[in-house]
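Letters A, B, ... mirror the listed sequences (proteins, then strands); counts begin at 1. Quick caveat, the model's predicted, so the values are computed rather than measured.
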Amino acid sequence: MPAVYDLANRGLLPPGFSLVGFARREWAHEDFAAEVHDAVKDHARTPFREEVWQQLIQGMRFVQGTFDDDDAFERLRSTIEELDKAQGTGGNFAFYLSVPPRSFPVVIQQLKKHGLADQSGGSWRRAVIEKPFGHDLKSAEELNKVVHEVFEPDQVFRIDHYLGKETVQNILALRFANTMYEPIWNRSFVDHVQITMAEDIGIGGRAGYYDGIGSARDVIQNHLLQLMALTAMEEPASFDADALAAEKEKVLGAVRLPKDLGESTVRGQYAAGWQGGEKVIGYLEEDGIDTRSKTDTYAAVKLEIDNRRWAGVPFYLRTGKRLGRRVTEIAVVFQRAPHSPFDHTATEELGQNAIVIRVQPDEGITVRFGSKVPGTSMEIRDVSMDFAYGESFTESSPEAYERLILDVLLGDSNLFPRTEEVELSWKILDPIEEHWDKHGRPAQYKSGTWGPAEADEMLARDGRSWRRP
Amino acid sequence: MKIDLTDTTAGKVNKALVQGRRAIGTPAVGMVLTLVIVTDEENAYDALKAAGDASHEHPSRTLVVIKRVSRSPRDRTASRLDAEVRVGADAGSGETVILRLYGEVADHADSVVLPLLLPDAPVVVWWPVNAPLDPAKDPLGALAQRRVTDTYSSEQPVRELSARADAYTPGDTDLSWTRITPWRSMLAAALDQVVCEVKAVEVEGEEFNPSCELLAMWLADRLDVPVKRSLSAGPGLTAVRLDTSEGAIALDRADGSLATLSIDGQPDRAVALKRRETAELIAEELRRLDPDDTYASALRFGVERLNASAAPASAPEPVPAAPEPAAAATTDPSPKGEPVTHAAAASAAAGEAPATEAASQERAPLKKRAKAT
């Protein structure tokens with residue numbers, strides 16, 4: 001909702017834009033408006049302006065009902081038709097489906113049954129779907145079938161809010177609009193890539209959703225594999241949705257799982273401990289979690305991409321809850337210089353060169369390289385060159401959702417993963433999940449640390465170590 | 001710019017840091033290391049001031065961890081974290097966060113510090129007072145590459161030196177060792193000038209000053225000759241006298257600032273050897289972050305052996321500096337007579353070689369520190 005308001009405030013919404021809420025709650029239009037009002041006031045990025053709010057509230061309606069209630073959908077239909085007349089929405093609707101996975105087929109069928117999804121005469125019907133896009137390949141295929149029965153494939157928008165982030169879009173700009181990075185962006189220079197998405201919070205009140213899903217399905221399948229695809233893909237022929245999707249699919253299709261999944265994947269569960277100065281409980285002690293649960297709250301996997309550019313370069317993906325701090329970043333770590341004319345003591349403190357893309361928070365890019373420490377002796381130490389979004393562009397960047405909702409309205413699907421990408425991602429993750437299912441239990445790691453010791457050992461076996469993000 | 005946060009979390013402190021940087025218009029991070037200072041309220045001001053001065057040479061994020069002792073039992077059970085975030089002109093060159101820990105969280109300071117460390121950059125932990133006996137095993141020490149303690153501030157410095165030797169882990173270092181860098185470079189340079197064989201050494205300084213012991217141990221370790229530690233009224237180290245085959249070499253500093261280098265057969269020379277401020281010591285310590293091997297081998301030489309080896313060569317007077325002369329003698333009586341025979345044998349076999357070789361060996365690792373000082 002704050003994203004919608006921000007769009008309106010920036011004048012990017014068409015006049016007559018209307019918003020209809022559909023939920024089980026016994027609300028009048030006013031209650032719904034009040035709820036939106038509070039959300040906007042608390043969370044909107046841009047300042048609250050009464051006249052913008054007045055414009056929005058004109059088109060705000062609420063329909064009460066359950067998903068299997070035919071009357072409710074009839075009411076929804078008539079509300080929309082009324083809005084068409086009153087607000088002049090021109091028969092274009094986007095359905096933002098923020099519903100539990102099990103209700104999905106019902107809702108889609110209801111939309112179809114009541115003619116809400118029928119496109120006619122130049123108007124469009126779009127569906128916006130939030131993750132999870134299934135919980136394995138089979139369920140994802142089923143879900144896609146259900147949705148595509150009703151909506152055209154190119155009218156289905158899967159929201160992965162990471163892809164709406166400026167820093168993520170900037171990966172493409174960094175790589176393909178510049179000349180200085182692309183020549184070294186390959187196996188001849190890159191030693192390995194680490195992609196980290198860490199959260200400092202636990203599962204909070206989401207026990208019902210989270211247990212049985214776990215961090216790999218929740219994060220690696222969508223966010224991390226998408227980030228990996230953007231980092232590793234070849235240059236698209238153009239910056240349109242088809243060309244981008246083609247390259248992403250190629251690279252996801254080239255992903256090869258390591259032979260020994262036990263050696264090259266790690267999962268963990270947070271145990272009680274201290275996080276950032278607060279005492280926190282372990283995953284198994286959370287409300288509503290079975291004390292024997294095998295759900296992972298930390299997952300790290302090693303993947304390789306079998307193509308000419310990346311052969312032999314491991315991609316280490318890790319995610320977890322209750323880690324040191326909230327951070328998402330991509331680190332491309334380069335090989336050491338093939339020959340060093342300096343003696344050992346001079347370069348003892350020199351690490352590997354790296355380009356770190358900070359996705360959140362404190363968006364920006366850091367380039368790390370060695371430099372001589374001022375003084376009479378030759379002493380080389382790591383220094384960093386830092387680009388921060390806040391510095392070079394003083395306008396605050398749009399929120400991810402803002403960007404994505406606008407794209408839905410415009411029908412621009414550049415930043416939305418397609419069916420094929422979702423299915424390819426599951427093909428990568430399914431064997432890992434199966435392996436985990438059959439072997440062992442998640443390792444316990446103390447809350448507030450950077451994950452289980454097993455993950456460190458996994459990299460140590462390759463002679464590498466995780467960065468401290 | 002200063003941001004005060006009460007009853008907060010590390011996550012909020014991180015946000016405040018980003019906000020602060022944006023507000024002062026320099027959101028880029030050019031800091032090269034994180035310096036964690038673990039101290040009590042009493043010493044926090046001085047330590048922070050020293051770190052602030054040092055940050056002009058090493059832009060760093062300084063985290064000051066102050067464990068507050070609550071007075072009442074009720075307060076002791078409640079756990080609270082207060083933070084004071086300083087960026088820009090208020091924080092030297094870099095950022096400073098003062099963390100005050102109350103109650104239970106004080107025992108889990110590492111959980112607060114870990115999220116606030118700069119990405120990738122090296123971490124140095126400095127205990128101005130009350131350093132743990134095994135710094136590498138301390139939860140905060142375990143986060144760091146380099147652990148700086150200061151035996152000078154301890155109640156029984158000489159005894160603590162032995163404890164430090166036992167617990168030594170690469171990366172440990174002692175400000176008492178940093179204090180003698182100029183002495184070491186001056187002595188090494190003096191020995192480079194004269195081709196001679198060192199027969200005995202005397203290190204003179206005030207009592208309860210571990211720098212004297214460290215210098216004595218370093219000389220004993222490097223030159224392999226008897227070293228005598230004798231007492232004076234100070235300030236600090238007052239003199240080092242080398243008895244060599246070519247006559248005496250003495251470096252004498254009576255007033256704590258200007259020293260005289262006298263070499264037999266050469267005119268006396270004045271040498272500035274000022275006792276340095278903590279800020280200078282910390283700045284020097286931060287210049288190199290790899291393990292200090294010279295310190296390790298000097299420390300491991302052992303305080304006990306120092307006095308034992310000095311006994312036979314020196315005059316019959318008792319050595320008052322010895323912390324546990326009796327204990328040292330009883331636990332390890334064998335090396336008593338050995339150093340003399342060893343030194344004699346060495347000189348017979350290789351003439352002047354041992355001393356000069358030791359000195360020139362020493363000079364290589366010394367140069368780096370010495371010239372940069």
Heavy-atom pairs under 4.5 Å with chain A, option from B:Pro115, B:Ala121, B:Gly11, B:Ala10 with the top count: B:Pro115
Is any side-chain heavy atom of A:Arg381 closer than 4.5 Å to one of B:Leu33? yes
Can you tell me which portion of A:Arg467 sits under 4.5 Å from chain B's heavy atoms? Options are side chain, backbone, both or neither. both
Is the shortest side-chain N to carboxylate O distance from B:Asp120 to A:Arg468 below 4.0 Å? no
How many angstroms lie between CZ in B:Arg21 and CG in A:Asp386, if you round to the nearest 0.5 Å? 7.5 Å
Let me know if B:Leu17 has heavy atoms under 4.5 Å from chain A in its side chain, its backbone, both or neither. neither
Please classify the contact between B:Leu289 and chain A as side chain, backbone, both or neither, with a heavy-atom cut-off of under 4.5 Å. both
Counting only heavy atoms closer than 4.5 Å, note whether A:Pro469 contacts chain B via side chain, backbone, both or neither. backbone
Spacing of CD belonging to A:Glu348 relative to CZ belonging to B:Arg288, to within rounding of 0.5 Å: 7.0 Å
Quick check on A:Asp287: does its CG atom have over 12 non-hydrogen neighbours (other residues, nucleotides or ligands) under 6.0 Å away? no
Which one, B:Val112, B:Val32, B:Val13, B:Val105, leads in non-hydrogen pairs under 4.5 Å with chain A? B:Val105
Decide if atom NZ of B:Lys137 counts as having more than 12 heavy atoms of other residues, nucleotides or ligands within a radius under 6.0 Å. no
Please indicate whether B:Glu277 has more than 12 foreign heavy atoms, meaning atoms of other residues, nucleotides or ligands, lying under 6.0 Å from its CD. no
Can you tell which part of B:Glu104 gets under 4.5 Å to a heavy atom of chain A, answering side chain, backbone, both or neither? both
Looking at chain B, which one of A:Arg325, A:Lys446, A:Glu349, A:Glu278 has the largest number of heavy-atom pairs inside 4.5 Å, strictly under? A:Glu349
Measure distances from B:Thr9 to the heavy atoms of chain A and classify the residue's part below 4.5 Å as side chain, backbone, both or neither. both
Got a sec, which pairs hit side-chain hydrogen bond (donor to acceptor under 3.5 Å, both in side chains) with one end in residues 105-119 of chain B, sequence neighbours left out? A:Trp274-B:His108
Any side-chain heavy-atom pair of A:Arg368 and B:Pro119 under 4.5 Å: no
